[in-house]
Structures are given as structure tokens and as C-alpha cells.
Amino acid sequence: MTAVWTIATLTVREAVRRKLVAAFALISVVLVVLSGWGFYRLSHNVGFTSGETHVALPEAVILFMFMFSFVVALSASAIASPAISSEIDSGVLQTVVARPVRRSEVLLGKWLGMAGVLAAYTAIVSGLLVAVVYWASGYVAPDPEVAAAFVLAEGLVLLTVVLLLSTRMSALAAGVLGVALFGIAWLAGVVGTLGTTFHVQAMRTAGHVSQYLLPTDGLWHGAIYYLEPSWFISQQLAETPGAQGNPFMSLAAPSWPYLTWAGIWLVLVLVLGLTSFERREL
Amino acid sequence: MAEGLTAPRRQADDGAVSGRALGDPGACAQAPGSPAIHAIELRKRYRQTVALTGLSMTVERGEVFGFLGPNGAGKTTAVKLLLGLVRPSGGEAMVLGAPAGDLRTRERIGYLPELFRFQSWLTAREVLVLHSRLRRLPRPRWAGAVQDALRTVGLSGRGDDRVGTFSKGMQQRLGLGVALLGEPELVVLDEPTSALDPVGRHDVRTIIRELRDRGTTVFLNTHLLAEAEHVCDRVAIISQGRSVATGTLDELRGARPSVRLRVGGLADGWWETLDRFGRWTPDGDWLLVEDVAAGRVPELVSSIVSLGGEVEAVIPEQQTLEERFLELLEEK
């Protein structure tokens, strides 16, 4: 495990030295300032009734988190895509794997380092969001820490799959494919939601299957659920026609079997990545 | 093949075990003091391309072994096989008494790849500390090992500079420093002087000689014959994925020793008596005798004198390594 820790700390140091952390900090500041301004305007808008503001705040938090989850997913893809392929092309990895370290230790160390950076980024921005929304509007979502964990899990799923791709593909191909898969999974989730609304079994099945094939959208719906107050769900179902078809609503928390599957999926893909890298000829 | 050269096939026959897969711990178990490198019919195929067709060789401990061959001969593939970076298609290899690629054995090997880069955002000192950790050197030894490596490769004053600011030559020096970390038993250098200026090349040769003096085995992969001539104890010449000759430099170069003599006063009819020394050719005032057996030059000179000849100059002539190298490649 010493080698895993060495590579993990090296990966974190790379993120700091190569200005990735600085870029994250800059994005965080922009997000927090914009959200602070937005939520302040929303809660102090004289054109809104208090009831409208009451409903708008949870929706705005979900939309903000959706945008943030997209940033997390893109970041995961961007940092994972060059992790193996680019370092093989440049010759950096040849000097490392000739040492008494297993390739699986190298890959696991990189995964841990990148996951750590992503976790810190998600936690800090989510925490700042909660604080700034509370400051601007007095509103606190029900379980923001659980929602942040789901957003992070979504990022980790993409990080893991792109890392697997990076053991066999160029950084560009792995990154593009990762983002495309993320987008397709989200779209398939929307299709599934529409299928539920309009009672089209094939669409519902497509959405359902996609959530198992790449669990990013399923995890995103978990994040949504934990940002929704219970009254919000009841009210939307009662007052808004077609609320079930809203891709930014979730009527139930992800089931434990589904979460278990997402965990197994992540471990399986990680093991696949380890095997792929072990077998790769340098 | 000339006398003194070691035939690859013969080496293969001498192998303790043959025909087992590389990496099999039970294969070719060797006692301490076994050769630094022992390869038997090592083969590698990349889809349609055959990189190694059956490489057999033995590198003894403590020697500087040159691995020579033209571009595309399979040299770098062989190095990667020996280090476990690629898997063989057949044959086997033992390195420091263990199957090639063995994890623990890598602690005792230093490697300078042909094409490599270090993390540009680390300083030279940080790169060396990283490799001290990866090499599993005990922590108390890190500082000393790093300082030694920096001093050895002439980067003492640049240890705290980022690698990204280094020239290619300086990166090559750092790569050599990384390979030498912790005094490995075997140092594998793949084209170590490719990016260096003449001063750098001279420094590398000095380092290699110092390594030999302290008993380190050096496996030098190069296509620069002059480099091999300067530092190697023995060399193998590789062509089309297999070794075509192995031996000391003298054995290789001296395959057909000749001697050029400036001779006067020798009657025409007497020259034929020199046939027993080798093929001779008159060349003005000079006489070129080829294929002279080792140690027979004094006897040749005294024979000429006894025949009434006046020997004014004797110049032994050997093939250069380059001539022999080209000859071997043509033969194949």
C-alpha cells in the first residue's frame, strides 16, 4: 500500500502544481458569487409572492446542483483521461512501472488521488452553496450533505470509467467518450422519465436499463431527492400536471439494491481498469 | 563464426532449463552468483511484426555489456522484456537470478529508458525522492542517495529547479541519476548518450567505468559503436531480432588480424615461404599479411629477417568494430 499512497500523494501534488486546484478554486468563487447573487434576488424579488418564492428556492437549488454535477462530471473526465495514456506516450510511466511497484498500485494510487481532489472540490463547493443560499434566502435543503455525496458518486463513476478508457485509448478519445457516455446516460434518464409520464413501456425500460449500465443518472436522481423537501414533492404532484415527467424531480430515493449495484459497478470497472493496465504492453 | 566469439545457439544449449514460460518462478532457478542476465531463445511478436526471433545471451555480473545493433534490430524490445515491461511470445530470461520482471528484483535494477520524461512540475530533487520511495530505499538513506545521484550526474546546483526548465541533455542526466539511485546491482541504460553533447558523453563514459569499478553490472543498449568501444568489456551484436555475435571487443575486432610490414631486401622468390603465416599481398614497399594467427607476429618478423629481409616497420592492423559490425550484418 506504500506505493499506492506514494502515487496518490503525487497525483494530488500534480493537481496543485499544475494549477488544477487553482482552477477549481476560481470556478468555486464564481459559482458561489453567482449563486449568492441569484438566491438573494430570488428571495427578495418584490414581483414574487412568498408562496412562489417558497417553491422557487428548492427548484433553484436543484438546478444549481445539476449545473454543479455537470462541472464535477466534466472535471472527472478531464483529469482521468490523460492519467494513463498521456503518461505512457510521454514516457513518464515507463520510469515508474520499471520500479518494484505493481501497475495496479499505480492505477489505484492515481484513482485515489483524483478521487480525493474531486471529493474535496465537491465538499467545499457544496458547503459554500449551502452557506451562501442560507445567507441569501434563509433556505436550507433537507439533506445537502447526502445530495453532495450523490454528486460526488456520480463524478467517481465517470472518473473510473474514463480511467479504464485511458488505459487503452488516447486522452482525447477517452475524455470525449466519457463525456458522451455521461450525456447519453442523462438523456436516457430523461427518456425514461418521459416514458413513465406517458406510460410508454419501451421508453421507461430504456431509461431503467441505462441507469444500470452507467449509473450516473440514477445517482443524480438520488441527489435530487435529497434536495427536495417532502412538502415540495407532495405539492408538485398535487398541483403540477406531468410533474412525474420533470427530469429535475425525483419521487423516491434510490433503492438500496440500486445503490449496491452502483457500488459493485464502480468496483468492477475499477478492477477492469487495473486488469487492462496490467496487461498493457509498454 | 570466428574463434573466440560465443555462438548464440551454444549459449542456449548451455541454459539450465529451456522451453518454460518467462516469469515461471520455478523455471531456471539459479544460485546466487548466477549471471546478471541470462536469456534463452527470447521471442517477441507484435501482431504481424516480429521484433525478436530468438535472442540468447548471457551477461556476467560486474561486466559492462554492450548491446549493439542497427535501428529496428529489437534492442529496446529486448530491454523491455528483461524488465518485464512487455511479455515475451516465447523463450525465457532470468535477471539477477530471478525471472525477468520479478517485482522484488527490480529493487536491485536501475533503468534509463530510451524515451522517457519525468514529471515536469517536480524538481530534480523531488523526482529522485519519488524514485527513492518507489525503489523502497529506507527513508534515512533518501537524502544521501539523492545527493549522490545529483553529484554523480553533475546536477548538484540544479536540484531544486523544476524538471520542466531542464534541457533535454539535463533531463538525460537526471534520468541517469534516477537509474543510479541506491547503488543498484544492475544498471540498464537504453541509449544513454542520445541527447548529450560531447562533454555529457564523456561524463557518461566516466560514470559507466566507475560503476564497473565498484562491481555494478551495466547493460548498455546503444547503436553508437564508438561508445561501446570506449567502455564495454563484452558486446553482443543484434540483427533482425537475434544475437549474431557475442564476445570481447578484441575477439570481435580481431576476427581477422592483419599485419602491415615495411620490408626491404627480400628477394621475390622468398616471399612464398611466408604463406604459412597467412595471406600476403605486396603493396609497394609494404607487405600486408592477413589472417595471422594470434601471437605469430614475432615469428613472422624473425622469419623475414632470417630470409635476409630488413624490417623497418611493423603495424598490426585490426578490423574496426564498425567494419566487423557491418560485415556481420551483411553475412546475416
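Quantities reported herein were computed from a predicted structural model and do not represent experimental measurements.
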Which answer fits [X], side chain, backbone, both or neither, if we ask what part of it has an atom under 4.5 Å from a heavy atom of chain A?
{"X": "L122(B)", "result": "both"}
{"X": "L83(B)", "result": "neither"}
{"X": "R133(B)", "result": "side chain"}
{"X": "F118(B)", "result": "both"}
{"X": "R162(B)", "result": "side chain"}
{"X": "E114(B)", "result": "neither"}

Answer yes or no: is there a side-chain heavy-atom contact under 4.5 Å between [X] and [Y]?
{"X": "R13(A)", "Y": "Q119(B)", "result": "no"}
{"X": "T95(A)", "Y": "V178(B)", "result": "no"}
{"X": "R18(A)", "Y": "W121(B)", "result": "yes"}

Checklist entry - Does atom CZ of R214(B) have more than 12 heavy-atom neighbours from other groups under 6.0 Å away? => result yes
Next on the checklist: Less than 4.5 Å to any heavy atom of chain B: does that hold for the side chain of I7(A), its backbone, both, or neither?
Outcome noted: side chain
Item to check | Which atom of E278(A) lies closest to which atom of R87(B), heavy atoms considered | outcome: O-NH1, 3.9 Å
Checklist entry - Going through the distances and angles, do L282(A) and K80(B) end up as a side chain to side chain contact (heavy atoms under 4.5 Å, CB included)? => result CA-CA 8 Å; L282(A) 302 178; K80(B) 288 181 174 179; 5.6 Å; no
